[in-house]
Amino acid sequence: RAAASSRGRALTSISERLATLGLGSIEANRKEILFARATDSLRDMVPGAEAAIRLWVPGRIEFLGKHTDYAGGRSLLCAIERGFCVVAVPRADHSVRIRDARTGEVVNGTLDSRTEGRAGHWGNYPLTVARRIGANFSPPPAGVDMAFESDLPIAAGISSSSALVVATFLVLSKLNELETRVEYVNAIDGPEALAEYLG
């Protein structure tokens, strides 16, 4: 996340921050609207909540090597200007609640190795992350209330499921400072190892 503009002025809007990261101004302004919808949705779940974290995770296209990366091969990828706008607040327990701001649908789980999602449902992706974190970190981290708004088409081959997995992990990791825990340090020694873990 960018903290200041090239002129030294503090960035005050989400669209300004996204523009410094490479989004075109039209798409950056659109994301401002999506973040506002996600924030409203979070407040429906947690009245009065102020997002502790705001996260933008782009989708991607694969120019070459589709489906070869998780088999040990190489892929040529490109991030796109559509993705997930995520807002979240930590919980005092180990519960995970994730809301799709567009539909209002909420999935519930816990940071526990026994957490299961419903096959074929979008909630299976973030709950798989919750299950993995619950299995890999002891004691389990604090849970989260999270809402998202996405402008990625579903099942269009531009990694909407991967973006949701990454977003869920990053939210839980940032809010719990997982990168400081010994389990993380021992298993994830850099960006490539993190990509393998998230895969």
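The chain is numbered in sequence order, starting from 1.
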Sub-3.5 Å donor-acceptor pair from the side chain of [X] to the main-chain atoms of [Y], do we have one?
X      : Y      : value
Arg43  : Ala49  : yes
Arg99  : Ser41  : yes
Asn124 : Ala119 : no
Arg132 : Tyr197 : yes
Glu183 : Phe137 : no
Thr103 : Glu105 : yes
Glu27  : Gly24  : no
Lys174 : Leu55  : no
Asn176 : Pro141 : no

Can you confirm whether [X] sits close enough to [Y] that some side-chain heavy atom of one is under 4.5 Å from a side-chain heavy atom of the other?
X      : Y      : result
Ser13  : Glu32  : yes
Lys31  : Leu23  : yes
Asn29  : Ile33  : no
Arg97  : Val107 : no
Asn108 : Val106 : yes
Arg60  : Ser162 : yes
Val171 : Val86  : yes
Val89  : Glu50  : no

Could you report the tightest heavy-atom contact between [X] and [Y], atom names first, then the distance?
X      : Y      : value
Leu152 : Ala163 : CD1-CB, 4.2 Å
Pro58  : Ala79  : CG-CB, 4.1 Å
Leu175 : Pro90  : CD1-N, 3.9 Å
Ala38  : Cys85  : CB-O, 4.0 Å
Ala142 : Leu111 : O-CD1, 3.3 Å

With rounding to the nearest 0.5 angstrom, report the [atom1] to [atom2] distance, [X] to [Y].
X      : Y     : atom1 : atom2 : answer
Ser150 : Arg82 : OG    : CZ    : 9.5 Å
Leu76  : Glu62 : CG    : CD    : 9.5 Å
Arg54  : Leu42 : CZ    : CG    : 9.5 Å
Met45  : Asp40 : CE    : CG    : 12.5 Å
Leu170 : Trp56 : CG    : CH2   : 13.5 Å

Kindly check if the number of other-residue, nucleotide or ligand heavy atoms within 6.0 Å of CD1 (Ile26) is above 12?
no
Taking the six-membered ring for Trp, are Trp122 and Phe148 closer than 6.0 Å centroid to centroid?
yes
Residues in side-chain hydrogen bond (donor to acceptor under 3.5 Å, both in side chains) contact with Arg114, at least two apart in sequence or another chain
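side-chain hydrogen bond (donor to acceptor under 3.5 Å, both in side chains) list for Arg114, sorted by chain: Asp112.
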So is Arg30 actually on top of Phe35's ring, under 6.0 Å and inside 45° of the axis?
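Geometry flag: not set, cation outside 6.0 Å or 45°.
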Would you please say whether a donor-acceptor pair under 3.5 Å links the side chains of Asn136 and Tyr184?
no
Flag for Thr110-Thr115: side-chain donor and acceptor within less than 3.5 Å
yes
Which is it for Val87 and Ile53 under the side-chain contact (heavy atoms from CB on, under 4.5 Å) test, yes or no, and what are the steps along the way?
CA-CA 6 Å; Val87 295; Ile53 188 170; over 6 Å; no
Side-chain donor-acceptor pairs of residues 185-192 under 3.5 Å, sequence neighbours excluded:
unit_1	atom_1	unit_2	atom_2	d
Asn186	ND2	Val182	O	3.3

Is there a continuous path of hydrophobic side-chain contacts, each under 4.5 Å between heavy atoms, that joins [X] to [Y]?
X     : Y      : answer
Ile98 : Leu34  : no
Val96 : Phe169 : yes
Leu77 : Leu198 : no

So among Leu172, Thr168, Val165, which one has a side chain to side chain contact (heavy atoms under 4.5 Å, CB included) with Pro126?
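When side chain to side chain contact (heavy atoms under 4.5 Å, CB included) is applied between Pro126 and each of Leu172, Thr168, Val165, only Thr168 qualifies.
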Trace of the side-chain contact (heavy atoms from CB on, under 4.5 Å) decision for Ser173 with Glu179:
CA-CA 7 Å; Ser173 180; Glu179 65 277 5; 3.4 Å; yes
